[in-house]
Amino acid sequence: MLTLQFVSNEELKNLSSYAKLQKILNIVKDDKIVVLEGKLKKEEEVELIRLTMEEVDDNFRGIELQVWDSSKKERSFFENLRLKLASILVPEFNEGFTIIGPANIVKEIKKDPSKIQLVTQNSKKKKNGRK
Amino acid sequence: MANIFKKWFDNLLKSIFKKKKDVKLGLYGPPNAGKTTLANRISLDWLGEEVGSVSNIAHETREIQIKEQITIKSGRKELTFNLVDTPGIATRIDYEDFLKAGLSKKEAKKRAKEATKGVIDAIKWLDNMDAVVVVLDSTKDPFSQVNLTIIGNLQARNIPVLIVANKIDLKKSNLKRVVDAFPQYNVIGISAKDGVNIDKFYEELFKLLD
């Protein structure tokens with residue numbers, strides 16, 4: 001059975017980067033796929049890879065990670081202005097989402113301009129998450 | 001007063017020369033993109049010796065490898081740097097992949113353990129780099145999260161980047177896809193194995209490090 005766990009900005013906003021990444025990694029090590037509201041900082045992404053490597057053993061083979069960055073979509077001037085204002089008024093406003101899954105379950109997360117495909121290890125069935 | 005000025009001037013000169021002498025050029029990228037093949041090409045061209053071994057099995061380079069004081073020349077210009085070849089950065093390392101590649105269980109587990117340490121070391125070394133050549137396999141999807149994470153991190157750290165799309169000698173190579181994926185960066189297509197476009201690559205190195 002495939003379990004997806006949604007993690008909101010609200011849940012993470014008071015945590016340090018390290019605590020945030022440990023929380024994510026603990027969920028993933030529990031064989032669940034994390035759907036994270038928003039994006040990690042670039043430094044946090046690389047730190048997540050580093051922490052993951054420290055945990056790799058015969059049972060835990062690492063993670064699959066994919067970031068959907070909707071801030072890079074082409075938008076009109078007014079849409080951009082609205083989003084800029086939102087990020088000023090709500091500092092934790094963080095566009096996009098991030099999927100992090102355990103490598104023993106998630107074979108690959110493919111991204112193209114309109115969809116993210118999660119390819120699982122056992123069934124090799126594709127689950128599409130359209131945006 | 002004169003002594004203070006002299007000391008300041010000496011320190012300034014020392015820092016300039018130290019900087020020039022100790023420039024660290026890192027080779028980063030995912031496993032099996034051809035980082036060590038490129039490192040060997042550069043080192044053979046200018047020092048006459050190789051940096052490390054290459055293999056079709058991923059994670060052949062599992063330790064940071066450094067070739068110091070490589071001086072490359074173009075016309076009257078000279079450029080000296082320390083070349084740092086790093087292990088490929090990956091988010092997953094599965095010893096069973098090495099079993100499938102023909103290694104024994106013991107070898108596969110050892111390789112996996114060393115590879116994880118290699119990724120950690122490569123990440124730790126990011127902060128030491130003065131400039132980085134990101135080596136990508138031009139036959140593969142350039143939008144992989146590892147590529148985006150490496151390049152995003154270098155950008156966040158203000159480290160100058162040159163992207164090399166390697167393996168353009170292969171039929172499946174798609175240089176345009178790599179160029180289109182990173183429009184804000186200088187991307188050059190090469191074949192490190194065959195030396196295709198390598199002179200253009202050296203010209204780009206001068207631009208990157210000057």
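Note on naming: letters A, B, ... go to the chains in the order of the sequence lines (proteins, then strands), and numbering restarts at 1 for each one.
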Next on the checklist: Counting neighbours of NZ on B/K109 that are heavy atoms of other residues, nucleotides or ligands and sit closer than 6.0 Å, is the number greater than 12?
Outcome noted: yes
Checklist entry - Could you go step by step and tell me if A/K42 and B/I150 meet the side chain to side chain contact (heavy atoms under 4.5 Å, CB included) rule? => result CA-CA 9 Å; A/K42 284 291 163 200; B/I150 296 170; over 6 Å; no
Next on the checklist: Tell me whether B/Q145 contacts the main-chain N or O of A/V67 through its side chain, where contact means a donor paired with an acceptor under 3.5 Å.
Outcome noted: yes
Checklist entry - Between A/E45 and B/T149, what is the shortest heavy-atom contact and its length? => result OE1-OG1, 2.6 Å
Checklist entry - Going by residue number, which parts of residues 26-36 of chain A are within reach of chain B, meaning a heavy-atom gap below 4.5 Å? => result none
Item to check | Contact origin within B/A90 toward chain A - heavy atom pairs under 4.5 Å | outcome: backbone
Checklist entry - Is it the side chain or the backbone of B/I93 that comes within 4.5 Å of chain A heavy atoms, both, or neither? => result both
Next on the checklist: Within residues 48-59 of chain A, which residues come under 4.5 Å of chain B, heavy atom to heavy atom?
Outcome noted: A/I49, A/R50, A/T52, A/M53, A/E54, A/V56, A/D58
Checklist entry - Does CD in A/E11 sit with more than 12 non-hydrogen atoms of other residues, nucleotides or ligands closer than 6.0 Å? => result yes
Next on the checklist: Return the CZ to NZ distance between B/F143 and A/K110, rounded to the nearest 0.5 Å.
Outcome noted: 15.0 Å
Checklist entry - Does the distance from a Lys or Arg side-chain N to an Asp or Glu carboxylate O, for B/E96 and A/R61, drop under 4.0 Å? => result yes
Next on the checklist: Shorter than 4.5 Å, heavy atoms on both sides: which option in B/V119, B/L126, B/D94 has the most such pairs with chain A?
Outcome noted: B/D94
Item to check | Interatomic spacing from CD in A/E64 to OG in B/S144 - rounded to 0.5 Å | outcome: 9.5 Å
Next on the checklist: Surrounding CZ of A/F6 (heavy atoms of other residues, nucleotides or ligands, distance under 6.0 Å), is the total greater than 12?
Outcome noted: yes
Item to check | Max heavy-atom pair count under 4.5 Å with chain A, selected residue of B/T116, B/D141, B/L148 | outcome: B/T116
